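The next block holds one structure in the form of structure tokens; read it before the comments.
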Protein chains: 2
Amino acid sequence: MNSQFKKGILELLVLNILKGNDCYGYEIVNKISESISISEGTIYPLMRRLKGDGYVTTYLSESNEGPPRKYYHLAESGIEEHNKLKKEWDTFFVQVNILLGEES
Amino acid sequence: MNSQFKKGILELLVLNILKGNDCYGYEIVNKISESISISEGTIYPLMRRLKGDGYVTTYLSESNEGPPRKYYHLAESGIEEHNKLKKEWDTFFVQVNILLGEES
DNA sequence: TTTAGTACCTTGTATAACAAGATACTGTGT
DNA sequence: ACACAGTATCTTGTTATACAAGGTACTAAA
């Protein structure tokens, strides 16, 4: 997997997952990993950034399977950021595929 | 335009352009710029990398519209690199769009 | 008690796009 | 002759972000 391809997209994928319901970090890693190889060392700093930017809020919740989980909840500005990134991605990959001659 | 999205893709786009015919740097910048905003400061270092990796060879050719042009020619290994990147991109954007719920 | 699974985190490294410049040639307008 | 736009090359320093490789700590099963 070309790790450069992922630059910027992972933020969109995370916000997209959180649009459905609150998730904890480890859960997000596993969900994305089903389709795209990803490491924890990528997601945790990303979640910190998203919180720093005000796109998500967090709360702790105990687990009976291990240490407490830190849940992330999508804030209003996070929804806006998601919509913005989604539009950018949609036009981007269409443009790329046109340049690659796929006419998709 | 989210500049992070472009990471890694520009190499594929350049190789794809050179599959058609030899081009000089300024020409490549203009071709890509028709669809995706790009700066010269991105392309010239990229071309240097591609040459360093043996994916392209170069030759100079005079121009009657300005200074001499440095043409880039796709080498055998460049064709292989193109095929590899193309496959990676194809699976990548499909996976991303599935995660985004586009089923494309 | 040791291991696997869950769950959090940090540090340092590598990659690549970009802004902002520099250099230099050609042709057009004043 | 001079300035300017267009063509064409390049470099330097900055920024963003993914990753490898670690560490910590809890639970449950072998």
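Everything numeric in this text was worked out from a predicted model, so none of it was measured. Here is the naming used below: chain letters follow the sequence lines, and residue numbers restart at 1 for every chain.
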**Message:** side-chain contact (heavy atoms from CB on, under 4.5 Å) for A:Asn16 and B:Leu99? Distances and angles first, verdict last.
**Reply:** CA-CA 8 Å; A:Asn16 199 71; B:Leu99 281 173; 5.9 Å; no
In this structure, how many angstroms lie between the [atom2] atom of [N] and the [atom1] atom of [X], rounded?
X       : N      : atom1 : atom2 : value
A:Met47 : D:dT17 : CE    : C1'   : 15 Å
A:Leu46 : D:dC19 : CG    : C1'   : 13 Å
B:Tyr44 : C:dA17 : OH    : C1'   : 16 Å
A:Lys6  : C:dA14 : NZ    : P     : 18 Å
B:Arg69 : C:dT26 : CZ    : P     : 13 Å
A:Leu10 : D:dA16 : CG    : P     : 17 Å
B:Leu60 : C:dA24 : CG    : P     : 16 Å
A:Gln4  : D:dT17 : CD    : P     : 12 Å

Between [options], spot the one nearest the side chain of [X], thanks.
X       : options               : result
A:Arg48 : D:dA18, C:dC9, C:dA7  : C:dC9
B:Ser3  : D:dC10, D:dA8, C:dA17 : C:dA17
A:Thr42 : D:dA8, D:dC19, C:dT6  : D:dC19
A:Tyr72 : C:dC9, D:dA18, C:dA17 : C:dC9

**Asked** Between B:Ile79 and B:Leu12, is there a shared hydrophobic cluster once you connect ILVMFWY residues whose side-chain heavy atoms come closer than 4.5 Å?
**Response**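 Same cluster: B:Ile79 reaches B:Leu12 through Ile, Leu, Val, Met, Phe, Trp or Tyr contacts under 4.5 Å.
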**Prompt:** Cluster question for you: counting only ILVMFWY and a side-chain heavy-atom cut-off of under 4.5 Å, with indirect links fine, are B:Leu50 and B:Ile36 together?
**Reply:**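 Linked, B:Leu50 and B:Ile36 end up in one cluster.
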**Message:** My understanding is that only one of A:Thr57, A:Asn21, A:Leu15 makes a side-chain contact (heavy atoms from CB on, under 4.5 Å) with A:Leu74; could you say which?
**Reply:** A:Leu15
**Prompt:** A:Gly41 near the nucleic acid: base, sugar-phosphate alone, or nothing, with a heavy-atom cut-off under 4.0 Å?
**Reply:**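 The answer is base, as A:Gly41 lies within the cut-off (heavy atoms under 4.0 Å) of a base atom.
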**Request:** Looking at every strand, decide which applies to A:Lys7 at a 4.0 Å heavy-atom threshold: base, sugar-phosphate, or nothing.
**Result:**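 The answer is base, as A:Lys7 lies within the cut-off (heavy atoms under 4.0 Å) of a base atom.
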**Prompt:** Relative to the ring of A:Tyr71, is the ring of A:Tyr59 parallel (under 30°), tilted (30 to 60°) or perpendicular (over 60°)?
**Reply:**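 Ring orientation, 0 to 90° scale: parallel.
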**Asked** What do the steps show when you test B:Tyr26 against B:Glu40 for side-chain contact (heavy atoms from CB on, under 4.5 Å), and what is the final call?
**Response** CA-CA 8 Å; B:Tyr26 193 74; B:Glu40 295 176 8; 3.5 Å; yes
Table of protein N/O atoms under 3.5 Å from nucleotides 27-30 of chain D N/O atoms:
unit_1, atom_1, unit_2, atom_2, d
D:dT27, O3', A:Asn64, O, 3.4

**Prompt:** Are any non-hydrogen side-chain atoms of A:Val14 and A:Ile32 less than 4.5 angstrom apart?
**Reply:**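 Yes - at least one pair of side-chain heavy atoms lies under 4.5 Å apart.
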**Asked** Can you find a heavy atom in the side chain of A:Phe92 that is under 4.5 Å from one in the side chain of B:Lys6?
**Response** yes
**Asked** In residues 26-40 of chain A, what residues come within less than 4.0 Å of DNA chain C, judged by heavy atoms?
**Response**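 The answer is A:Tyr26, A:Glu40.
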**Prompt:** If you find the nucleotide of DNA chain D closest to B:Lys70 and the one closest to A:Arg49, which residue's nucleotide is nearer the 5' end?
**Reply:**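 This one resolves to B:Lys70.
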**Message:** Given 3.5 Å as the limit, does a donor-acceptor pair link the side chain of A:Asn2 with the main chain of B:Leu85, or not?
**Reply:**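 No; zero donor-acceptor contacts below 3.5 Å.
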**Request:** Check whether the side chains of B:Trp89 and A:Asn97 place a donor and an acceptor atom closer than 3.5 Å, and report yes or no.
**Result:**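 The answer is yes; a qualifying pair exists.
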